[in-house]
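The chains referred to below are lettered A, B, ... by the order of the sequence lines, with proteins before strands, and numbering in each begins at 1.
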Amino acid sequence: MKKYWLMKCEPNAYSIDDLEKDGVTDWNGVRNYQARNFMMKEMKVGDLAIYYHSNATPPGAAGIMTICKEAYPDSSARDKKSKYYDPKACDEKPIWYHVDVSFVKKFDRYVSLKEIRETPSLSDMMLLKRGMRLSIQPITKKHFDTISKMGNL
DNA sequence: GCCAACGTTGGC
DNA sequence: GCCAACGTTGGC
């Protein structure tokens, strides 16, 4: 059964345009156990995800991607020069894992957080919960389809 | 830049 | 195991 996700990234760091250019990328740098566990335990190749631009002006949904490789160790955790370096990670115990995602499409229209908030059928999204900062969130097919429809002309 | 909310750390 | 202090996230 295909699952649906919302994955946040700051466009300053890596945007939907970067993903469009690269085609595929590893979703590295996740350093939160709950988000990691979604990638390790729940995500399957073929799942679809909304690419969400956080800390953007305005924040919102920028496009769609698909999971194209199941979770494997995040090498940035063992790279001393990376800002995601974690001294507790080692080859025997990588701690941090990530999936690979591939570009599907950039929305014709950016769907801002404000619009998401104002759409009744999206009102139960985890994203809209107060203080919710989890960077990878499960969403329903209904959420996914609704946002896709808003984003595609 | 501010700050509320959250997760993590570390002393006890 | 508690919890205060701290660092981070992310909207505004």
Whether A:H53 and A:Y110 hold their rings parallel, tilted or perpendicular, with breakpoints at 30° and 60°: tilted
ring-ring contact (aromatic ring centres under 6.0 Å, His included) partners of A:F38, counting only residues at least two apart: A:W5
Nucleotides 4-9 of chain C: protein proximity per nucleotide (B base, S sugar-phosphate only, - neither; heavy atom, under 4.0 Å): ---BBB
Closest-nucleotide ordering on DNA chain B, the 5'-leading residue of A:K88 and A:M132: A:M132
Any residue meeting side chain to side chain contact (heavy atoms under 4.5 Å, CB included) with A:R133, in chain and number order, not counting sequence neighbours: none
Side chain to side chain contact (heavy atoms under 4.5 Å, CB included) partners for A:D124, two or more places apart: A:K142, A:H143
Non-neighbouring partners of A:E92 that pass salt bridge (charged side-chain N to carboxylate O under 4.0 Å, His left out), sequence neighbours left out: none
Residues in side chain to side chain contact (heavy atoms under 4.5 Å, CB included) contact with A:D22, at least two apart in sequence or another chain: A:Y14
Spacing of A:N12 atom CG relative to C:dG10 atom P, expressed in whole Å: 13 Å
Sugar-phosphate only, base, or nothing, as touched by A:R117 at under 4.0 Å among non-hydrogen atoms: sugar-phosphate
Between P of C:dC12 and CD1 of A:I116, the distance in whole Å: 11 Å
